[in-house]
Amino acid sequence: MPDAQTPVLIGAERLESFVADIFRANGCDEAEAGRISHHLLGANLAGHDSHGVARVPRYVEWQQAGYVTAGKRAEVVTDGGGFVVLDGGFGFGQTVAPQATALGIERAQQHGTAVIALRNAGHIGRAGAYAEQAIAAGLVSVHFVNVAGSVMVAPFGGVERRFSTAPFSVGVPTSPPVVLDFATSRVAEGKVLVASNGGKPLPPDALVEPDGHLSGDPRTLYGDYERTGQRSAAGGLGAIRAFGDHKGSGLAFACELLAGALTGGGTAGPVGERGRIANGMLSVYISPKHFGTEAEFLRTAEAYVAWVKSARPIEAGGEVLAPGEPEARLRAERLREGVPLQPDTWASIVRCAQGLGVPVPNAAAA
Ligand code: NAD
C-alpha cells in the first residue's frame, strides 16, 4: 500500500474492472455495474476526478440506503413525439441518463429536434458524457441539470445556500468536438471533496462564510471532519459561490427552473422531507442534417474554432483552448499512463471494496 502522501497510479482498465466488481458485489447486474464504472472512470480520464471513482463509497452507501435503486429504467410520463417527459424513479443516473439521451437522439433523428425532460435520476455524474453521447450520433445538444434536494450554492449577492451546483453542458459535433460542461457553482462540490482529501486546493474565493467572508477551506462547506471520514455538506455553515457573478448565478437559476421545476423533479430547495437527492436534466437535441445545412454548419464551425484558438495568448507560451480540449488531452495521457488518485480517495475505495469482499488490485505509487 503506498504511503499517505503519494498519489496512487492505477491503469485505466484495471481500475474500471475493479469498480465494476464493487457495484456487482453491491447488487448491480453486470451491464449496470459496467455502465457505472465506465462513466466514473470516464470522468477521471477527462480530469474531472471530482466526478470519478472518488464517488464509489458514496454511491455504494446510497444504494445500500435505498436512495438509489439498481436495475431501474426510466419510465415515460408524457410522450409528445418531439418531446418526452421521463421519470428516472431514482434509478442509477448512469442507467437512466444514457437511456434518456438515447431517446433524445432517436427522436431528433426522426423529427430534427427533440426535448427530453428527465426527473428523479440518481446522480448522473459528469454531464458532458451525455453531450458526448449525442455528438457520437452527429447531434448538437444542450443540457440543463439540477440536483433536487441539494442546496449548496449561494446566489449572487447572498450568503445563504439556494442553488444546487447545477451543471450546464453543450455539445457540438465538430471535429474535434466542442464539449462545454461545467457546474454553475464556482467549483463543483466534488472539487471541495477532492480538496478535503488532500487533492487540488480550492481557489481562495470559492466558498463564502455566513458572515460574508470568502474562503477556500473545505470546512466552510463540510464543517469539521476526520481525515478519512465521510464528508457531509450538512456539516458546514457556509456555501459554495455561484460562478461569474450575476451571470453564472443567473444560469444556475435557469438550471433550477428548467431541470428542476419544469421536469417535475423539484428544485434544490426548500429541502423538506425528501432525504435524498436526485438529478433533473432538461435536454435539447438538434440534428444539423435535418436543417439541410450540415456540411456548411460544420465547415463554418470548424473554421471558427480554429480562428478562436488562433488568438494571441495572454501569456508567452500559453494557448487558447476550445471547450472539451483539456479533457481530450488528459484522456489520451491517462489512458497511456494510468489514473492518479489521491491516497485518501484510494483508501476509501479499498475500504469499501473490502467491506463487500471484493479483491483489491495492486496500485503503484505515482
Ligand atoms: P470546470 O470548471 O473544470 O470547467 C470545465 C469546462 O471548462 C469544460 O467544458 C472544459 O473543456 C472547459 N475548460 C477548462 N479549461 C479550459 C481552458 N483552459 N480553456 C477553454 N476551456 C476550458 O468544471 P466544473 O465546474 O468543475 O465541473 C466538473 C464536472 O462536474 C462537470 O463534468 C459537471 O458536469 C460535473 N457536475 C455534475 C453535477 C451533477 O449533479 N451530476 C453537479 C455539478 C457538476
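In what follows, residues are counted from 1 in the order of the sequence shown. Both counts, for ligands and for their atoms, begin at 1 and track the order of listing.
- The aromatic rings of Phe144 and Phe168 sit tilted, their planes meeting at an angle between 30° and 60°.
- The number of heavy-atom neighbours closer than 6.0 Å to CZ of Phe253, taken from other residues, nucleotides and ligands shown, is 12 or below.
- For His123, every heavy-atom contact with ligand 1 shorter than 4.0 Å involves the side chain, none the backbone.
- The protein heavy-atom contact nearest to atom 28 (C) of ligand 1 is His48 ND1, 3.4 Å.
- Every N/O-N/O distance between Pro167 and ligand 1 stays at or above 3.5 Å.
- At the top of the distance list for atom 30 (O) of ligand 1, counting protein heavy atoms only, stands His51 CE1, 3.0 Å.
- In summary, the atoms of ligand 1 found under 4.0 Å from a heavy atom of Asn279, numbered by their order in the structure, are 39 (C), 40 (O), 41 (N).
- Nearest protein neighbour of atom 18 (N) of ligand 1, counting heavy atoms only, is Leu321 CD1, 4.0 Å.
- In Arg126, the parts holding a heavy atom less than 4.0 Å from any atom of ligand 1 are both the side chain and the backbone.
- Residue-to-ligand polar distances place Asp181 within reach of ligand 1: an N/O pair is separated by less than 3.5 Å.
- Distance alone, capped at 3.5 Å, places no donor-acceptor pair between the Arg331 side chain and the Asn44 backbone.
- The closest heavy-atom contact to atom 14 (C) of ligand 1, among the options Ser185, Pro326, Ala166, Gly280, comes from Pro326.
- Considering backbone and side-chain atoms together, Glu327 places an N or O closer than 3.5 Å to an N or O of ligand 1.
- Residue-level proximity to ligand 1 for Val179 is carried by the backbone, the only part with a heavy atom below 4.0 angstrom.
- Protein heavy atom closest to atom 41 (N) of ligand 1, with residue, atom name and distance, is Gly125 O, 2.9 Å.
- Between Thr165 and ligand 1, not a single N/O pair is under 3.5 Å apart.
- Counting non-hydrogen atoms of other residues, nucleotides and ligands closer than 6.0 Å to NE2 of His111 gives a total above 12.
- Considering backbone and side-chain atoms alike, Pro323 places every N or O at 3.5 Å or more from each N or O of ligand 1.
- If you look at Ala183 next to ligand 1, the close heavy atoms, those under 4.0 Å, come from the backbone and the side chain alike.
- Within a 6.0 Å sphere centred on CD of Glu337, other residues, nucleotides and ligands contribute more than 12 heavy atoms.
- Ring geometry for Tyr59 against His123 counts as perpendicular: the plane angle is over 60°, on a 0 to 90° scale with 30° as the lower cut.
- Near Ile124, with a cut-off below 4.0 Å to any heavy atom, the atoms of ligand 1 are 41 (N).
- With 3.5 Å as the limit, one finds no donor-acceptor pair spanning the side chains of Glu256 and Thr267.
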Item checked: CA sep, side-chain torsions, deciding dist, call: Glu132, Asp181, side chain to side chain contact (heavy atoms under 4.5 Å, CB included) -> CA-CA 10 Å; Glu132 286 165 357; Asp181 170 31; over 6 Å; no
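- In Glu294, the CD atom is crowded: over 12 heavy atoms of neighbouring residues, nucleotides or ligands sit closer than 6.0 Å.
- Between Glu189 and Arg161 there is no salt bridge, since no side-chain N of the basic residue sits under 4.0 Å from a carboxylate O of the acidic one.
- Annotation: Gly324 places an N or O atom under 3.5 Å from an N or O atom of ligand 1; distance criterion only.
- Residues Tyr130 and His39 place their aromatic rings such that the two centres sit under 6.0 Å apart.
- From the protein, the heavy atom lying nearest to atom 26 (O) of ligand 1 is Lys191 NZ, 2.7 Å.
- For the residue pair Ser175 / Glu302, no side-chain donor-acceptor distance below 3.5 Å is found, with atom types taken as modelled.
- Against a heavy-atom cut-off of under 4.0 Å, Leu180 is close to the following atoms of ligand 1: 9 (O).
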